[in-house]
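Each ligand, and each atom within it, is numbered from 1 in the order the structure gives.
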Amino acid sequence: MTTTVPGPLYQPAGTAAGLESVRGLVNTALDILQEVSAARLGPVAPGGPEGARSAAAKALAGPLLPEQGGDATEVLGDLVRSYAEWSVDITHPAALARMQPPPTDVAAAAELVGAVLNQSLHAWESGPFALELDRWVIAQLAELVGYDSTEAGGTLTSGGSVSNLMAMTMARDTTIADKLGRHAFQEGLLRLGVQPVVLCPQGVHFSIERAVRLLGIGEDNIRTVPIDRDGRMIPAEADRILTELPEGELAVAIVAVAGSTDLGIVDPLPELAVIARKHGVWLHADAAYGAGALFSPRLRGMLDGIAEADSVTMDLHKFGWTPASSAALLVRRAETMLSFGLQPTTCLSADDDTCAGYIGSQNTSLQTTRRVDALKIAVSMRTLGREAVGAMVDTCHDLARHAAARIQAEPKLELGTEPPLTAVLFRYLPGHGLDADAFNGALRRRVMEDGRALLARTHIAEEDGTSRVFLKLMLLNPETTTGQLDRIIDELLATAAEQEAAAAGA
Ligand SMILES: *Cc1c(COP(=O)(O)O)cnc(C)c1O
């Protein structure tokens, strides 16, 4: 009888041989990224959605799982090349659409370490140091918000949307438990016989609306709090809504926006905190974008009172310069995370492992297996230091103000508002009776299809209930210069004039 000794089935990354192999593969990939980067003409390849589709059709010929596998260097090289060629170059000064900052080098290196070691956070034995690191990063971020770190808690999440969902879950469960002495997560909403209600300003991030849907509260039970001329929730109106709430309705949360995505509006946090306390309602601050102001001595005052909120959403993959996912939900009192724990209290569960300190983080997360984002956040922040991060935030703010001043000086452009943070809203004003909304929408698509600039679009609601299309520049690249910004605006004006002439002649 002969036994065949099988060869290795695959090359794991973390062994001595694997680490050498990873080194070689990374070098190959980086060489390709450098080649592609040198050949770039703009922030995205020209061709628009059609171009991306045909590039993908070419690169992805054949099945995901072919009968016979290929050589790692070749497989990686081929796909990385196409992926890179059709990536948005977020380091390009004209990549101005989305809140994707160019991440730091050291954060990218830490991501690789994270992948090789493949730790997880759900149990002590899935990543002992990773768990310590994760808890430390959370405690440090809680301090940044101004929370008392001995009482505060939180979790890193995959993004602001998940942070907001978790915050709304805790708001629902904590408020109902405080008022009725019963647990919504146990009995279900129907048996409690109350209808939860959530107070939000108009224009709250859609992830809050989605959370309200998912939690069985129902979108119809959002009470929109009127806003003042600056777009901020009027605290007295929130107070009135809460005071006049009909029998059978129970307000569980006031959601304050701490830096709205378009206009950078910050709701009056200290006043809302007083009203939330008076009515026993949870105050959530959505600072997914705005939390960047915390790094800047110049802008920090915008977020005064944020530590009065019961929970805060903070994205470091927006301001923070770490790759996604880098995000946090921070809570003023750690015990309110009960909603996510399947045991009522961790240490009273008489679980001998738990009491001996073998504790994972599955009781404070929506996830079980969970990637360790804390490593890249920690090395990136420690490498930069507070002064540099503050200066980066300020520089982006200065760039936004420069763009706003330039736009204001152009007769064919209309500025949305002065940018409190780093988003600049504007629109081109075409003549010849052309529809400005359609014109600006088409202008944006045109520069994207040409691969010359990436802009976002939004709409601003008017008092009469209508809304107008605006284009948006999102400035999160502190390496961009004012000269580059000027040239981008010049080009945009030239393209718009061409489009206007063509439309007028048509
Ligand atoms: C970006 C953003 C979110 C969503 O965050 P993700 O990380 O993209 O999930 C929520 N709220 C506000 C105000 C945001 O700007």
TODO: For the residue pair F319 and W321, categorise the inter-ring angle as parallel (less than 30°), tilted (30 to 60°) or perpendicular (more than 60°).
DONE: perpendicular
Open item on the list: If the cut-off is 4.0 Å to any non-hydrogen atom of N164, which atoms of ligand 1 fall inside it?
Closed with: 10 (C), 11 (N)
Task: For G159, the ligand 1 atoms whose distance to one of its heavy atoms is below 4.0 Å - done: 7 (O), 9 (O)
- [ ] Mark yes or no: R427 above the aromatic ring of F470, with NZ or CZ under 6.0 Å from the six-membered ring centre and no more than 45 degrees from the axis.
- [x] yes
Task: E414/R468 salt bridge by N-O under 4.0 Å criterion - done: yes
TODO: Mark up the atoms of ligand 1 that fall under 4.0 Å of a heavy atom belonging to Y289, in ascending order.
DONE: 15 (O)
TODO: Using a strict 4.0 Å cut-off to heavy atoms of K318, name the atoms of ligand 1 that fall inside it.
DONE: 1 (C), 2 (C), 3 (C), 4 (C), 5 (O), 14 (C), 15 (O)
Task: ligand 1 atoms in contact with D315 (distance to a heavy atom under 4.0 Å) - done: 5 (O), 6 (P), 7 (O)
Task: Electrostatic pair R53-E50, nearest N-O below 4.0 angstrom - done: yes
Task: Under-4.0 Å salt bridge between E237 and R223 - done: no
Open item on the list: Within ligand 1, which atoms have a heavy atom of S161 less than 4.0 Å away?
Closed with: 4 (C), 5 (O), 6 (P), 9 (O)
Task: Atoms of ligand 1 close to T261 [distance to a heavy atom under 4.0 angstrom, numbered from 1] - done: 12 (C), 13 (C), 14 (C), 15 (O)
TODO: For atom 6 (P) of ligand 1, find the nearest protein heavy atom and state the residue, atom name and distance (0.1 Å precision).
DONE: G160 N, 3.3 Å
Task: Residue among L250, I217, N221 satisfying side-chain contact (heavy atoms from CB on, under 4.5 Å) with P196 - done: I217
TODO: Mark up the atoms of ligand 1 that fall under 4.0 Å of a heavy atom belonging to A288, in ascending order.
DONE: 2 (C), 3 (C), 10 (C), 11 (N), 12 (C), 14 (C)
- [ ] Among all protein heavy atoms, pick out the one at the shortest distance from atom 13 (C) of ligand 1; state its residue, atom name and that distance to 0.1 Å.
- [x] D286 OD2, 3.3 Å
TODO: Answer yes or no: is there an ion pair linking E209 with R213, defined by an N-O contact shorter than 4.0 Å?
DONE: no
